[in-house]
Number of protein chains: 2
Amino acid sequence: MTDRYHHGDLRRALIDAAVEAVGEAGPSALSLRAVAKRAGVSHAAPAHHFGDKAGLLTAVAAEGFDRFADALEAAWRDFGEFGAVGAAYVRFAIDHRPYFEVMFRPELVHTDDPDLLRAEARSREALHRGSGGAGSGAAFNAAALGAWSLAHGFAELLIAGNFPQAVKDDPEAAFKAVARATGEIRD
Amino acid sequence: MTDRYHHGDLRRALIDAAVEAVGEAGPSALSLRAVAKRAGVSHAAPAHHFGDKAGLLTAVAAEGFDRFADALEAAWRDFGEFGAVGAAYVRFAIDHRPYFEVMFRPELVHTDDPDLLRAEARSREALHRGSGGAGSGAAFNAAALGAWSLAHGFAELLIAGNFPQAVKDDPEAAFKAVARATGEIRD
DNA sequence: GGAACAACTTGACACTGTCAAGACCGCTGC
DNA sequence: GCAGCGGTCTTGACAGTGTCAAGTTGTTCC
């Protein structure tokens, strides 16, 4: 099972092509046929590898959540404070925008995909660790949910173009200022 | 210019049909032809009224922002505190989910539409008033942006199914608890 | 009553996702 | 060395999509 017969690694190439295409026109404008053309294969090749369009986007989202977890873990390891983790959250949304645009859209992916669920759980745990909440417990952790909401809302509003130029110029500094203003950072 | 020739008020009917359709399958699965069928007109009627698909969704988003502004203004008028305004933000996302799913998606609408811009400005102002920031000023207001991010992130994560059952059971109370935990509410 | 015009319909086009069938390829077993 | 096999990808088809040009229907104004 070398996973590379004719093309080499078509699965990899298709995911890359999909990420490129999403980066150019957003996930709703994604066309399987355009992805296939970009990868230099026939129009039905993507469906063969991923089942359907949602399957391809599921693979993109899973890979995105893995990279996302890496970024959040690194921020927590290097700085050990929520400000840095939240800033990494925001930076990821900017630097890996195509991934981010797919990751939190349940209607675009197969939400029960095992690989997606695993990667999601990794991200969730990294974020939870980085927002002060140690144990999850039965009831919800208000502070952790607040930290998540703050970072996620900031990232979403930012990439949707709702923030003034001053924020776009230095998003990480802006986020830290905002987090400090809301009492999330106490130093 | 009575705006009602054959059908009565087709524009109104098409918007209602679009909202219904978005509510059932999300905005990315919206089909102009399905909307037309739902309203009982020919398949090209929506394009005639709204120019194209984005035009129809623009009308939906504009109407959404108007209702949104109404809700935020009412919450501020009746309670005068951010907790209530934020809770109204979250409730709107739940109760008028089809609108909300279109409102913050620039790639789905004509972002330069005058009616949309007007309604957006109304919402923005109502929210700004409800989050403590009185004057907008040249630089950005960190506290106001934080309040917006918190409410928006909470709403997005909630309707995307990322929160535990306890939050879904009483979203408004959960939001207030979260806002209090992040220091947004000081009473 | 006819002209001007807006509101819609009809028909067509290129494009989309998906599916069944087949062709191609590299490996295994003999 | 070669037959068979299974996975990889292609080909061809289908119904459905958004959009556009042209035509039809109805309303209003003179």
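In this text the structure is predicted, and so the values were computed from the model without any measurement. Proteins come first, then strands; the chains are lettered A, B, ... in the order of their sequence lines, and each starts at number 1.
Heavy-atom contacts from other residues, nucleotides or ligands closer than 6.0 Å to NZ of Lys37(A) number 12 or fewer.
Within the 4.5 Å cutoff, the side chain of Phe68(B) has no heavy atoms near those of the Leu127(B) side chain.
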Please list each protein N or O that sits under 3.5 Å from an N or O in nucleotides 10-14 of chain D, with the distance.
{"from": "dT10(D)", "atom 1": "OP1", "to": "Ser42(A)", "atom 2": "N", "distance (Å)": "3.2"}
{"from": "dT10(D)", "atom 1": "OP2", "to": "Ser42(A)", "atom 2": "N", "distance (Å)": "2.7"}
{"from": "dT10(D)", "atom 1": "OP2", "to": "Ser42(A)", "atom 2": "OG", "distance (Å)": "2.7"}
{"from": "dT10(D)", "atom 1": "O5'", "to": "Ser42(A)", "atom 2": "OG", "distance (Å)": "3.4"}
{"from": "dG12(D)", "atom 1": "O6", "to": "His43(A)", "atom 2": "NE2", "distance (Å)": "2.8"}

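Using the six-membered ring where Trp is involved, His96(B) and Phe92(B) have ring planes that are parallel, under 30° apart on the 30 and 60° scheme.
Remark: Glu101(B) engages Arg97(B) in a salt bridge, criterion side-chain N to carboxylate O under 4.0 Å. For Asp16(B) and Arg38(B), the salt-bridge test fails: no basic side-chain N is under 4.0 Å from an acidic carboxylate O.
Distances shorter than 4.0 Å separate some side-chain N or O of His49(B) from OP1 or OP2 on dC8(C). The side chain of Ser31(B) contributes an N or O atom lying less than 4.0 Å from OP1 or OP2 of dG18(D).
Taking atom NZ of Lys53(A) as the reference point, atom C1' of dT17(D) lies 11 Å away to the nearest angstrom. Separating the NZ atom of Lys37(A) from the C1' atom of dC9(D) is a distance of 17 Å, rounded to the nearest angstrom. Per the geometry, NE2 belonging to His110(B) stands 14 Å off P belonging to dG18(D), to the nearest Å. Summarising the geometry, the separation between CZ on Phe50(B) and P on dA7(C) is reported as 12 Å, rounded to the nearest angstrom.
Of the residues in residues 14-29 of chain B, none lies under 4.0 Å from DNA chain C by heavy-atom distance.
Remark: Leu57(B) CG to Leu32(B) CG distance equals 8.0 Å, nearest 0.5 Å.
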ring-ring contact (aromatic ring centres under 6.0 Å, His included) between Phe163(A) and Phe154(A), worked out = CA-CA 9 Å; Phe163(A) 284 164; Phe154(A) 191 93; 5.0 Å; yes
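For residues 24-45 of chain B, the set of pairs meeting the ring-ring contact (aromatic ring centres under 6.0 Å, His included) definition, not counting sequence neighbours, is empty.
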